[in-house]
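Here is the structure we will look at.
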Amino acid sequence: MGFAFFVPRAAAGHGSYIKKGKGKNMIIVLKANRSKEQVKNFISDLTDRYDVSVNTWVGTHSTVLGLIGDTAAVDSEYIAAQDIVESVKRVQEPYKKANRKFHPEDTVIKLPTGQVIGDGSLALIAGPCSVESEAQICCVAERVKAAGATFLRGGAFKPRTSPYAFQGLKAEGLELLKKAKERTGLPIVTEIMSIGHLDLFEDVDVIQVGARNMQNFELLKELGHVHKPILLKRGLANTIEELLMSAEYIMAGGNEQVILCERGIRTFEKYTRNTLDLSAVPLIHEKTHLPVIVDPSHATGKANLVEPMMIAAVAAGADGLEVEVHYDPRHAWSDGAQCLTPDAFAQAMAKCRQVAWAIGRDM
Ligand code: PEP
Ligand code: MN
């Protein structure tokens, strides 16, 4: 397959960032009044199972163990379930390659087409929810490009809640995206739903993993062997740590070009499709060196809320935006209610530029 290669600036020599034996990575408090023999047996079970060493503090009422070493593989739920254990606390995150502690510099992803994500500039991914026809995708591509978009999005394989809803034009949709790319030069961002389709994605520039597949671990493992950036969207009901663990799956396979996407999570609120967790942006920047973008379209489900959330995402430091745009939202084949028209997108972009300028960001 003709996948393009490049190595993110901060990726070189990754392995050497992971040092074993530094700090106490997990603390286990044992229940009171356990015999020395029980404690000894538990410690040998730990050192047999995992590649760790154990420090022991014997107090008046309880014994505390400190696990040192590479505790990423340690199953804290297994430990917590042991009869001898009172509580377990991880003092180091379970992700390594995605962890900013081991890789302080931002990962900057450079596409062979010239676009850069994660260097402080704003990546602007825009286009319809679904590819519908050649005329539609080419027209939207031209309009979003004119408004400043740097990538074209468009779903060819669509994850729909109902099996009776439009499922996407599939392979034909990918061909139409290619035509729009030839016309505009905009690189393509589109979703993969099955690894069996990977051969069809040869000309796709950024492969999206949708919210529903964030924990499709077999898919993530296979994408770990692909030499293209992966846009990984946060699951509807997933924590930030789970998102980072999913990124870790891709990175553990060797593909360190992962872009995270906050797209709203499901809460009890019904006025919006999802709840945009905007504090995820600075938090993700703190926890990981990977770039993070925001999708205000799926986050809100309402076109009138998209512009304010685009602006807020820029102010929060997002590395990019993914926005659904259609010239005729009322007749869009999917997600019309949250689509901006090209004019509304252009207007929102102008406001984003002002905010970016006001806070000293490049756009
Ligand atoms: C999409 O971007 O087309 C999409 C389906 O989004 P999500 O996976 O975030 O629901
Ligand atoms: Mn959509």
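Computed over heavy atoms, backbone and side chain alike; hydrogens, waters and symmetry mates excluded. First listed ligand is number 1; within each ligand, the first listed atom is number 1. We count residues from 1, following the sequence as given.
- A parallel orientation is assigned to the rings of Phe201 and Phe157, their planes being inclined by less than 30° (bins at 30° and 60°).
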For His326 and Asp335, run side chain to side chain donor-acceptor pair (under 3.5 Å): C-alpha distance rounded to whole Å, both residues' side-chain angles, the deciding distance at 0.1 Å, then the answer.
CA-CA 10 Å; His326 196 295; Asp335 284 350; over 6 Å; no

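- Summary: OD2 is the N/O/S atom of Asp335 found nearest to the Mn ion (ligand 2).
- The backbone N or O of Pro296 lies less than 3.5 Å from a partner atom in the side chain of Thr300, making a donor-acceptor pair.
- Considering backbone and side-chain atoms together, Ala211 places an N or O closer than 3.5 Å to an N or O of ligand 1.
- A distance-only check finds a donor-acceptor pair linking the side chain of Asn255 to the backbone of Lys228 [under 3.5 Å].
- Classification of the Phe166-Trp333 ring pair by plane angle, with boundaries at 30° and 60°, yields perpendicular.
- Remark: minimum distance from atom 4 (C) of ligand 1 to any protein heavy atom is reached at His298 NE2, 3.5 Å.
- Remark: ligand 1 atoms within the under-4.0 Å shell around heavy atoms of Arg263 are 7 (P), 9 (O), 10 (O).
- Of the possible donor and acceptor atoms, none in the side chain of Glu256 sits under 3.5 Å from a partner among the backbone N and O of Lys97.
- At least one heavy atom of Lys158 sits closer than 4.0 Å to an atom of ligand 1.
- For the pair Glu322 and ligand 1, the shortest N or O to N or O distance does not fall below 3.5 Å.
- The side-chain heavy atoms of Val323 and Val306, taken from C-beta on, include a pair separated by under 4.5 Å.
- Side-chain contact annotation: Asp119 with Ser121, donor-acceptor N/O pair under 3.5 Å present.
- Within His298, the N, O or S atom at minimum distance from the Mn ion (ligand 2) carries the name NE2.
- With hydrogens left out, the protein atom closest to atom 3 (O) of ligand 1 is Arg153 NH2, 2.8 Å, a heavy atom.
- Between the Gln38 side chain and the Arg34 main chain, no donor and acceptor come within less than 3.5 Å of each other.
- Every N/O-N/O distance between Glu191 and ligand 1 stays at or above 3.5 Å.
- Summary: OE2 is the N/O/S atom of Glu324 found nearest to the Mn ion (ligand 2).
- Heavy-atom proximity to Arg212, at under 4.0 Å, picks out these atoms of ligand 1: 7 (P), 8 (O), 10 (O).
- For ligand 1, the polar-atom distance check against Lys233 finds a nitrogen or oxygen pair separated by under 3.5 Å.
- Contact atoms of ligand 1 toward Gly210: 8 (O) (distance under 4.0 Å to a heavy atom of the residue).
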